[in-house]
Engineer: 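Here it is, the structure in full.
Residue numbering restarts at 1 for every chain, and letters A, B, ... go by the order of the sequence lines. As the structure is a computational prediction, the values presented were derived from the model and not from experiment. Both backbone and side-chain heavy atoms feed into the values below; hydrogens, waters and symmetry mates do not.
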2 protein chains.
Amino acid sequence: MNMSESAAKPPTSADVARLAGVSRSTVSYVLNSPPGARVSAETRERVLKAVRELGYAPSAPARSLRSGNSDVVLFPLPLQPMGQLLETFIDELTEALRRQELSLLIHADRYARGADAARAWAALRPLAVLAESARLTDGAVQVLRRAGVRAIFAWGREEHPGVPTAIFDNRDSGAVAIRHLIGNGHRRIACLVPAGPLAALGADRWEGAKGAADEAGIQLRRVDVGYVREDILQVVRGWQRETDPPTAVFANNDDFALMIISALRECGWSVPDDMAVVGADDLPFCDLVWPRLTSVAMHTRTMGGGAADALTALMENKPYKHRDHMVVHPRVVVRESG
Amino acid sequence: MNMSESAAKPPTSADVARLAGVSRSTVSYVLNSPPGARVSAETRERVLKAVRELGYAPSAPARSLRSGNSDVVLFPLPLQPMGQLLETFIDELTEALRRQELSLLIHADRYARGADAARAWAALRPLAVLAESARLTDGAVQVLRRAGVRAIFAWGREEHPGVPTAIFDNRDSGAVAIRHLIGNGHRRIACLVPAGPLAALGADRWEGAKGAADEAGIQLRRVDVGYVREDILQVVRGWQRETDPPTAVFANNDDFALMIISALRECGWSVPDDMAVVGADDLPFCDLVWPRLTSVAMHTRTMGGGAADALTALMENKPYKHRDHMVVHPRVVVRESG
DNA sequence: GTGAAAGCGCTAACAT
DNA sequence: ATGTTAGCGCTTTCAC
C-alpha cells in the first residue's frame, strides 16, 4: 500500500463505473438505492467491490450541488466558553441527529458575527443551523433563509422572533439560587461575580440574582472576584472582620463554589453551618465532595433533543410553528452545602 | 423583510450578474480577485451592491467542486471525552488556522471508525484532517489520501507511521507524577484509577504510573474508584485502618484530586502533611484552592500551533517530512498539595 | 435492469 | 476590462 502521496485526483463514480464495467448511473443506484432503483445482486456486488478497491468516497460537495440539499446540521461554536457543557451538549445533539441520519458539523469561528457569520455558515449550504440567538441578527437570519437553509434554531437568552428558540436564561439560574437561599431563611447573602472568560455568563447570573433579591426586599451583596486565589481569601478575611457577615453565598458557578468553600475552611469556617454555598452548572463533582455541593442545573438535554425533534417535524413537512419557543428552566439540586 | 420562509432556491452568481448587469465571470472576479483579474471600481461596486441586495453567499460545495480544493481543515471530535481540554484546543487551533485563512470544521461523530470514519471525512473533501492516531488506521489513511486530502495529521498516544503525529501519551503523565512523588521521598504510593467515561484515559495514566514505580522498585497500589462518593470514602477509611497507609496518592486527574482531598480532610487527614496528592490536567482551579493542587500539565498549545505550522509548510510546498513527529511532554506543576 | 445525457453553481482559460 | 464557454462529480429523468 502506498500511503506516501496524496492522489492528484480522487477517484470518481466514473472510475468506479469503469472498473465495474457499468454506467455511472448504476453506481449511483447501488450507492443510494433510491425508491425506484433496481439493480441485480451480481451487478451490485461488482460495483461495491470496485468501490472498496478504489477507496472511493462520493464527493459531498458534488452531491450537495446536484441534489440541492445536504444532511448537515451546522452548529456554530458558541461565542462564550461553555466548559463542560459544550461536550455534553454536542454529544446529546449528535446522538439525536444520528437517529435521523443527519450529521452534525461544528463551525469553529468565534470571530464572525451577524450577517458575516451567517454568510460563512450559509456557504456550506447546511440543512439546518442551530445558533446562539445573540448571533442570529435579522440580517443573519435573512442570509440563511435566502441560502435555502431549511431550518434555523436559536438558543440562548433572548427569544428570537421568527425563529424557534430554546430559551436558556442564566439570569434565571441566579434567581432560583437566591430564592432557594432566601427560602432557607438567609437574609444576608453575597453573590460572587467572576472576572475573566466567564464574566459575561457571570454577569447574567448576577443580574438574575439581584432581581430575585430585590423582589424579596433583601440586599444582595455583589462580590467581584478575579481568577486569583488572593481575591477569594481577601473576601473571606473581610467577612471575618464583620459583625454581621453574610450567612450564604451564591458562588455563580461550581468552580467558584469549590474555591470559596476551600477558602472558608482555610479560615476556619464550616459549610454550611457558618456559611451556606450554592454553585451553578451542577458539574459531576458536586456529588463527590464534602460537603456535597448544592448547585443550579439546566436541563441541557431538552435543548439537543428539542432541536432534533423540531427537525424531525420539519423533515416530515409538518407545519413549522414559530411560536414553538421552549424555555429551559433551571432548578436547584439541593445537596449539603446550602 | 420577509423572514418567514426559506427561499426555494438560493440566489446564484448568475442572479447577482443579472442584477448588476455584468457576466458571471465578472462576479467571480470581484468576489475572489484572483491574480490577473482587473475589474473597474465602478463595476466592482455594482456587483457588491447586488450581492448585498440579494443576500448572496457563494456555494462552498460548488466552489469546492470546481476548484478541486477547499479551505477546510477537518477535526473529527475525539472518541474520548476531553473535558475542558477540548474547548481550549479548539480555540488554539482555530486561532492558528485563521491566520492562514483556513477554517476549522469539527465533525461530530463518535461512532464511525477506521475506513468508515475516513470515508465520511473524505466525503467533505477537506484540505486537511487532524485526527486521533487511534482512529487513523492504515485503511483510513489510504481513503483520505485517495480522496485528495492534502495533509493528514495525527495526534495521540501512538506514533503513526507515514503521518506526522503529535505524540501525546497519557502514560507519560502518570509516569512523571509518580517520579515526582518518589523524588519527594514517598515510598508508599497509591494511584486512583477512575471508572466511567474517563476509564480509558485513566488506564493509560495508571499504566505509566505503574511503569515508573516498577522502574524505581517501588510498589504502586492500584485503587479503582467509581464516580461515587462512597467509593472515595471507603478508600480513605481503609487507609485509616492500616498501619502503613500510603503517604502519597496520584489522583489520575484534577477532579479526583479534589475529591480525594475533600475526603481526606473529612476524615481528619491533612494534605500534604498526612498525604500528598497530585492531580493531572492542570485545570484552572488548581491554583485557586487550599492547598494549591500539584498537577501534571500537557502543553496542548504545541499541538494546535504545531499542526498549523505543519500546514503552512505544506501550503508553501515545502518538503513534507514524515519524520516530523513531535512529542508533547507532560510536566509536573508543583504547588502545595504534593 | 442499465445507459445516455442534462444540469446543479461555480471558476478559469480563452476570446473579444 | 468584460463576456463566452467548458467542465468539476454527481443524481435523475428518460430511453432502451
Engineer: Sequence neighbours left out, what passes side chain to side chain contact (heavy atoms under 4.5 Å, CB included) with A:Pro78? Give chain and number order.
Structural biologist: A:Phe75, A:Met82, A:Leu86, A:Glu132, A:Trp155
Engineer: Is there any side chain to side chain donor-acceptor pair (under 3.5 Å) pair reaching into residues 57-67 of chain A, and which pairs are they, with sequence neighbours excluded?
Structural biologist: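 Non-adjacent pairs meeting side chain to side chain donor-acceptor pair (under 3.5 Å): A:Asn32-A:Arg63.
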Engineer: Report for the helix from C:dG1-D:dC16 to C:dT16-D:dA1: angle between first-end and last-end helix axes, five pairs each, rounded to 10 degrees.
Structural biologist: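 End-to-end axis angle for the helix from C:dG1-D:dC16 to C:dT16-D:dA1: 40°, rounded to 10°.
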Engineer: Restricting to side chain to side chain donor-acceptor pair (under 3.5 Å), what partner residues turn up for A:Ser33, sequence neighbours left out?
Structural biologist: none
Engineer: Tell me, please, which residues at least two apart from A:Asp169 pass side chain to side chain donor-acceptor pair (under 3.5 Å).
Structural biologist: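 Listed in chain order: A:Arg171.
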Engineer: Please enumerate all residues that pass side chain to side chain donor-acceptor pair (under 3.5 Å) together with B:Arg157, with sequence neighbours excluded.
Structural biologist: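 Side chain to side chain donor-acceptor pair (under 3.5 Å) list for B:Arg157, sorted by chain: B:Asp204.
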Engineer: List in chain and number order the residues that pass side chain to side chain contact (heavy atoms under 4.5 Å, CB included) with B:Gln80, two or more places apart in sequence or in another chain; answer none if no residue qualifies.
Structural biologist: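 Per chain and number, B:Gln80 pairs via side chain to side chain contact (heavy atoms under 4.5 Å, CB included) with B:Ala200, B:Leu201.
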Engineer: Applying side chain to side chain contact (heavy atoms under 4.5 Å, CB included), name anything that partners B:Leu65, two or more places apart in sequence or on another chain.
Structural biologist: A:Ala62, A:Leu65
Engineer: Polar pairs (N or O, both sides) under 3.5 Å between protein and nucleotides 4-6 of chain C?
Structural biologist:
from  : atom 1 : to      : atom 2 : distance (Å)
C:dA4 : N6     : A:Ser25 : OG     : 3.3

Engineer: Taking side chain to side chain contact (heavy atoms under 4.5 Å, CB included) as the definition, give me every residue that meets it alongside A:Asp109, ordered by chain and number, with sequence neighbours left out.
Structural biologist: A:His107, A:Tyr111, A:Ala112
Engineer: Can you list, pair by pair, the side-chain donor-acceptor contacts under 3.5 Å of residues 44-53 of chain B, counting residues two or more places apart and other chains?
Structural biologist:
from    : atom 1 : to      : atom 2 : distance (Å)
B:Arg46 : NE     : B:Ala20 : O      : 2.8
B:Arg46 : NH1    : B:Glu42 : OE2    : 3.3
B:Arg46 : NH2    : B:Ala20 : O      : 3.3

Engineer: Between B:Val22 and A:Ala57, which has a closest nucleotide on DNA chain D that is more 5'?
Structural biologist: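 Of the two residues, B:Val22 wins.
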Engineer: Could you give the start and end, 5' to 3', of the contact zone on DNA chain D for chain B, using atoms under 4.0 Å from its heavy atoms?
Structural biologist: D:dA1 to D:dG9
